[in-house]
Amino acid sequence: MIDMADYYYYETLDSTNSEARRKINEGIKLPAVFVADRQTAGRGRRGKSFFSDGGLYMSLAVDTKERDTVLITTIAAVAVAEAIEETTGSEVGIKWVNDIYLEGKKICGILCEAVSDLSGKTNAVIIGIGVNLNVNVFPQELESIAGALNAPTLKREELAKAIAEKLLVNLRETSDIISRYKERSIVLEKSVTYEQNGNTFTAKAVDIDDRGGLVVIDHDNRKTVLSSGEITLRTK
Ligand code: BTN
C-alpha cells in the first residue's frame, strides 16, 4: 500500500524542516510534505546554513513507528536521484552519504532529522531536501561546488510531488536499495579523505555495506566502515 501524503505550500519559511517539526508537535496527520519557494534559515548538515533561494525546498515528515530508520538517508538519496532522473531525463550521481551531483557539481542536499519523545524513542523522521532547481546565482563561496538542475519547464510542485511519492514507495520497498544506490555512487573506486577523532585519513572507497556505510581501504589494506560524516573526493 502506498501512503498518501498531505501537501502544505508556502512562499517563505524559516526552514521546511522546522515547519515540519512544529506541525508534528501540533499533531498533524502523517505523512506530510512541506514545500517552500525560499527559506530564511535553511539548515544544512553539521550546523551549516543552506543557501535557499530559487530552488525547491521541501521536507517529508513520516511516522517511523513501523519502519526501520537505519537506511533512511540511503533511501532518501536514491529516491531523490530517481525522481530527478524520471522528471528531467538527467542522470545524476550520489556522493556519500546523500548529496546529489550533476556534471561534477552538487545540485541537492538532504538533511534527515529525527523527532523523538521524552524517552528518546524516535516517532517520526523529517527528510529535508533542497534542490537547486533553476538557481542562477550562488554566493561566491559556493560558486565552484554548487550547480543547478536547470530544468526551466519543470515546476517546483511537480518535482516535489515526484520526490515525495518516490520516497514513500522506496521507504516501503527497500529490498534492492543498496544496489540502486551503488549504481549512482560517484565515490566508489575513488580516493577519498575523511576525518575521525580530529585526524584526516586518505583511503579508497570500495563498497557500500548493507547499512549504507561507506567501506574504505587504506594504503596498508586496513578496512574501515564509515557510518556518518563527510568525505572529500580527491581529484588526483
Ligand atoms: C546539506 O547539504 O548539508 C543538507 C541540506 C539540506 C537542505 C534542505 S532544504 C529543505 C530542508 N529544510 C532545511 O532547513 N534544510 C533542508
Side-chain angles (χ1 to χ4, degrees), residues 5 7-25 28 30-62 72-81 83-84 92-102 104-115 124-135 138-139 141-149 156-164 166-167 181 184-187 192 194-195 212 214 226 228-233:
Y7 287 75
Y8 300 84
Y9 292 97
Y10 307 79
E11 265 178 31
T12 305
L13 275 178
D14 51 352
S15 150
T16 55
N17 272 27
S18 301
E19 179 68 1
R21 188 176 292 271
R22 288 189 288 265
K23 293 294 184 195
I24 290 169
N25 290 336
I28 57 148
L30 300 182
V33 183
F34 303 87
V35 184
D37 291 349
R38 68 188 66 79
Q39 303 181 115
T40 54
R43 292 199 297 279
R45 290 193 303 272
R46 296 187 303 151
K48 288 190 184 160
S49 62
F50 187 78
F51 177 71
S52 303
D53 198 355
L56 163 67
Y57 312 101
M58 64 180 282
S59 300
L60 169 71
V62 286
I72 286 249
T73 50
T74 311
I75 291 168
V78 173
V80 173
I84 290 176
V92 294
I94 304 171
K95 175 174 170 279
W96 190 84
V97 183
N98 54 10
D99 287 337
I100 308 295
Y101 273 63
L102 177 66
K105 295 211 164 164
K106 175 169 166 175
I107 60 154
C108 168
I110 302 173
L111 175 68
C112 297
E113 295 179 327
V115 180
V125 165
I126 299 166
I127 303 167
I129 299 152
V131 185
N132 301 332
L133 186 50
N134 293 310
V135 188
F138 288 103
E141 68 275 15
L142 295 179
E143 266 173 11
S144 61
I145 44 172
L149 192 51
R156 273 195 188 89
E157 296 74 11
E158 193 191 333
L159 182 59
K161 203 158 180 287
I163 290 174
K166 185 63 82 177
L167 263 164
Y181 184 99
R184 295 174 173 84
S185 170
I186 60 166
V187 308
V192 299
Y194 62 96
E195 284 195 16
L214 182 67
L226 308 177
S228 63
E230 210 74 19
I231 57 160
T232 307
L233 269 171

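Just so we're clear, the structure is a prediction, and the values are computed from it rather than from any experiment. Both ligands and their constituent atoms are indexed starting at 1 by order of listing.
- In the vicinity of G130, heavy-atom distances shorter than 4.0 Å reach the ligand 1 atoms 8 (C), 9 (S).
- There is no side-chain donor-acceptor pair under 3.5 Å between Y194 and E230.
- Between the side chain of R21 and the backbone N or O of T16, no donor-acceptor pair lies under 3.5 Å.
- A salt bridge is absent between K161 and E158: the closest approach of a Lys/Arg side-chain nitrogen to an acidic carboxylate oxygen does not fall below 4.0 angstrom.
- Considering each of R43, E19, R45, the one bringing a non-hydrogen atom nearest atom 16 (C) of ligand 1 is R43.
- Taking 4.0 Å as the cut-off, K48 does not count as a neighbour of ligand 1 on heavy-atom distance.
- Atoms of ligand 1 found under 4.0 Å from any heavy atom of I129, numbered from 1 in the order shown, are 8 (C), 9 (S), 10 (C), 11 (C).
- Electrostatic pairing of D99 and K105 does not count as a salt bridge here, judged by no charged N lying under 4.0 Å from a carboxylate O.
- Closest to atom 5 (C) of ligand 1, if we only count protein heavy atoms, is F50 CD1, 3.4 Å.
- The distance from ligand 1 to the heavy atoms of G42 drops below 4.0 Å at these ligand atoms: 14 (O).
- Checking only distances, T16 does come within under 3.5 Å of ligand 1, N or O to N or O.
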Discussion item. side-chain contact (heavy atoms from CB on, under 4.5 Å), that's the test. Do Y101 and K106 meet it? Break it down for me.
Written reply: CA-CA 4 Å; Y101 273 63; K106 175 169 166 175; 3.8 Å; yes
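- Using a 3.5 Å distance cut-off with no hydrogens or angles, the side chains of T12 and R38 do pair a donor with an acceptor.
- For ligand 1, the atoms closer than 4.0 angstrom to any heavy atom of G44 are 1 (C), 3 (O), 4 (C), 5 (C).
- If you number the atoms of ligand 1 from 1 as listed, the ones under 4.0 Å from a heavy atom of L111 come out as 6 (C).
- Inspection of the S59 and N17 side chains reveals an N or O donor paired with an N or O acceptor under 3.5 Å.
- In the vicinity of D99, heavy-atom distances shorter than 4.0 Å reach the ligand 1 atoms 2 (O).
- Residue K106 places a heavy atom under 4.0 Å from ligand 1.
- Those atoms of ligand 1 with a heavy atom of S15 less than 4.0 angstrom away are 12 (N), 13 (C), 14 (O).
- Scanning the protein for heavy atoms near atom 9 (S) of ligand 1, the closest one is Q39 NE2, 3.3 Å.
- Between Y8 and F34, the ring planes lie parallel to each other; the angle is under 30°, not in the 30° to 60° tilted range.
- When the shell of 6.0 Å around CD of E11 is examined, it contains 12 or fewer heavy atoms from other residues, nucleotides or ligands.
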